[in-house]
2 protein chains.
Amino acid sequence: MSIAIENFVKAIYNNDKHDIKNTKPGNIAKKLGISNAAATDMAKKLAAKDLLNYEKYQALQLTEKGTKMALNVVRKHRLWEAFLFKMFDMSLHDIHREAELLEHQTSDLLAEKISDYLGHPKFDPHGDPIPNADGEITTEDTSIALSDAIEGNTYTISRLMSDDKEFFDFCAQNQIKYRNTITVSKQFVSNKMTQISIASNTIVLNEDFTKIIYVDEN
Amino acid sequence: MSIAIENFVKAIYNNDKHDIKNTKPGNIAKKLGISNAAATDMAKKLAAKDLLNYEKYQALQLTEKGTKMALNVVRKHRLWEAFLFKMFDMSLHDIHREAELLEHQTSDLLAEKISDYLGHPKFDPHGDPIPNADGEITTEDTSIALSDAIEGNTYTISRLMSDDKEFFDFCAQNQIKYRNTITVSKQFVSNKMTQISIASNTIVLNEDFTKIIYVDEN
DNA sequence: ATTAATTTTTAAGTATGCTTAAATATTTTA
DNA sequence: TAAAATATTTAAGCATACTTAAAAATTAAT
């Protein structure tokens, strides 16, 4: 399947994780850097291929076939991240960028060899779970978005769901990284802001951050 | 640059190695599995991009820029082959197939990391030289095609320049592999056949083989 | 040196994956 | 709830990388 199609179903899959009501063409278009019109077009094409259900003005929903394709790409992406992270001294952002390309040119055979080599890891270096060869995520996901965390509680950062260099740089500078401990000192509900303390810092994060930083209760 | 373009310049580069007079659209078309018309079209486009010189009915000639692009892709291909060969238990044919895809989605940075990891190897598992990051092949190539080998002499197999599974299977079954020793027992000049002895076997090979098996004199 | 065979080129057309602009529907907000 | 803002869809068009069929040139064969 083409790279454009793989990226499209992957974008839907990823968007659904935190925003299932809003997986609409415009949303996907923004993520992929294409026009809304192109996304609508593509949605229709993929519906014809039974990869998703499309109804005018409604949210896009992956079919079982579409979900399988997305999970296959996601698996390869996360395996590459884990592999490159282990093998080479590269930044998480660089690793992400390479994986973003390699994921589409990786046979199931090679993916399996990589998984073998790594001892079939369950998580990638961002803390994201790696689907198995059948597209199943067997690890139960107990993590929640930071936006849904409870004031006063202490958490462990479990996932940084982003592909943005600025975001990673910001995180690196503020000790926001996989497996670090944070305390949610305040949820500003109406402003959709969250105040956390991490290491000896206090940081107020807006929704752009709190929707993609995932945490596990300690 | 697009995959189609990278593959096109690579095909010219590879063809030039053994058949410089015949690097014409039809030849490249056959290698790439596209129509002659498509190859002519592409040749014109690449000429406009200063990647090759094109004159009607004449052989295609890569410019310096085109050669650099070809060597960059060839480098990535051969590095992937060396890397996958070292890391995973996969057949040479499978490794080639993976490298054929990965080569186009590999940043210069990642290529360098792979080269570092391998200790900057000069040759891939087929015996083909790996260009350096500047697109230079520093190892002098003293090998010759088996078709040009001298009757009675003993050689070491230095390169198997193919990407065909049948060819590799045949080679594997007949001990024809990188670094093995062979003796050229007879050159049937008019039939363009070569008789070799390898291990305890005697094999007569036609031009399809003797043009792509390279050897070094012992 | 012609003729025949092959190759290359041209021409017309297709599918994919985008674009912008305008029309239409939905969602927000006041 | 009606107007304003926003999002989605439609329509027309474009570039890339191909196709087949026919014309033109080259190469090979007798």
Side-chain angles (χ1 to χ4, degrees), chain A residues 1-12 15-16 19-61 66 69-70 73 100-101 103-105 190-192 207, chain B residues 1-12 15-16 19-61 66 69-70 73 100-101 103-105 190-192 207:
Chain A
M1 206 53 56
S2 80
I3 296 178
I5 291 177
E6 288 188 349
N7 277 333
F8 202 87
V9 296
K10 191 182 67 160
I12 295 173
N15 203 69
D16 279 354
D19 198 16
I20 195 154
K21 295 279 177 215
N22 268 309
T23 306
K24 290 186 181 177
N27 232 294
I28 303 303
K30 197 177 269 178
K31 290 214 175 182
L32 297 178
I34 62 178
S35 68
N36 286 9
T40 299
D41 249 39
M42 185 60 99
K44 285 183 192 169
K45 276 185 216 160
L46 299 201
K49 285 183 199 288
D50 189 31
L51 290 166
L52 54 80
N53 297 127
Y54 172 73
E55 278 183 87
K56 275 190 184 183
Y57 302 107
Q58 302 305 303
L60 305 175
Q61 294 185 300
M69 180 185 288
V73 179
E100 203 69 11
L101 298 174
E103 63 187 12
H104 305 293
Q105 307 294 348
S190 61
N191 301 306
K192 296 180 174 174
E207 212 186 7
Chain B
M1 206 53 56
S2 81
I3 295 178
I5 291 177
E6 288 187 351
N7 278 333
F8 202 88
V9 296
K10 191 182 67 161
I12 295 173
N15 202 71
D16 279 352
D19 198 17
I20 198 153
K21 296 276 176 219
N22 268 310
T23 305
K24 291 187 180 176
N27 232 294
I28 303 303
K30 198 178 270 179
K31 291 213 178 187
L32 297 178
I34 61 178
S35 67
N36 285 10
T40 299
D41 248 39
M42 185 62 97
K44 286 184 190 167
K45 277 186 217 160
L46 299 201
K49 286 182 199 288
D50 189 31
L51 291 166
L52 54 80
N53 298 127
Y54 172 73
E55 279 184 87
K56 277 190 185 186
Y57 302 105
Q58 302 306 303
L60 305 174
Q61 293 185 301
M69 179 183 290
V73 178
E100 202 69 10
L101 298 174
E103 64 187 9
H104 305 293
Q105 307 294 348
S190 60
N191 302 305
K192 297 179 174 174
E207 209 186 8

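All of these numbers come straight from a predicted model, not from anything done at the bench. Sequence lines set the chain letters: A, B, ... in the order given, protein chains first and strands last, and positions in each chain run from 1.
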Here the distance between atom P of D:dT19 and atom CG of B:Asn36, to the nearest Å, is 10 Å

Separation of D:dT10 atom C1' from A:Met42 atom CE, nearest Å, is 18 Å

Determine the contact category for A:Lys30: base if any of its heavy atoms lies under 4.0 Å from a base atom, sugar-phosphate if only primed atoms, P, OP1 or OP2 are that close, otherwise nothing.
nothing

Side chains of B:Gln61 and B:Ile12: does their closest heavy-atom pair fall under 4.5 Å?
no

Rounded to whole Å, CG of B:Asn27 lies from C1' of C:dT7 at a distance of 11 Å

Atom CD1 of A:Ile34 and atom P of D:dT8 are separated, to the nearest Å, by 12 Å

| field | A:Lys24 vs C:dT27: side-chain N/O to OP1/OP2 distance below 4.0 Å | value | yes

In whole angstroms, the gap separating C1' of D:dT16 from CG of B:Leu32 amounts to 16 Å

Does C:dT19 have OP1 or OP2 sitting under 4.0 Å from an N or O in the side chain of A:Ser35?
yes

Does any non-hydrogen side-chain atom of A:Ile5 lie less than 4.5 Å from one of A:Lys45?
no

Assign each of A:Gln58 and A:Ile5 the nucleotide of DNA chain C bearing its closest heavy atom; nearer the 5' end lies the nucleotide of A:Ile5

| request: Under 4.0 Å between any heavy atoms, over every strand shown, what does A:Ala38 touch: base, sugar-phosphate, or nothing? Just pick one. | output: base

Margin query: Is any side-chain heavy atom of B:Met1 closer than 4.5 Å to one of B:Met69?
Written below: yes

Here the distance between atom C1' of D:dA15 and atom NZ of B:Lys49, to the nearest Å, is 10 Å

- Item | Non-hydrogen side-chain atoms of B:Phe8 and B:Leu52 separated by less than 4.5 Å | yes

Subject >> Contact check, side chains of A:Glu100 and A:Lys10, non-hydrogen atoms, under 4.5 Å >> reply: yes

Using a heavy-atom cut-off of 4.0 Å across all strands, would you classify B:Lys45 as base, sugar-phosphate, or nothing? base

When rounded to whole Å, the CD to C1' distance for the pair A:Glu55 and D:dT9 reads 15 Å

- prompt: So, is B:Tyr57 near the phosphate of D:dT27, with a side-chain N or O under 4.0 Å from OP1 or OP2?
  reply: no

Discussion item. Is A:Lys56 close enough to D:dT10 that one of its side-chain N or O atoms is under 4.0 Å from OP1 or OP2 there?
Written reply: yes

Which of C:dT10, D:dT27, D:dT9 is nearest the side chain of B:Ala37? It is C:dT10

**Message:** Applying a 4.0 Å non-hydrogen cut-off, can you work out what B:Tyr54 is touching in the nucleic acid: base, sugar-phosphate, or nothing?
**Reply:** sugar-phosphate

Here the distance between atom C1' of D:dA17 and atom NZ of B:Lys44, to the nearest Å, is 15 Å

OP1, OP2 of D:dA17 versus side-chain N and O of B:Ser2: anything below 4.0 Å? yes

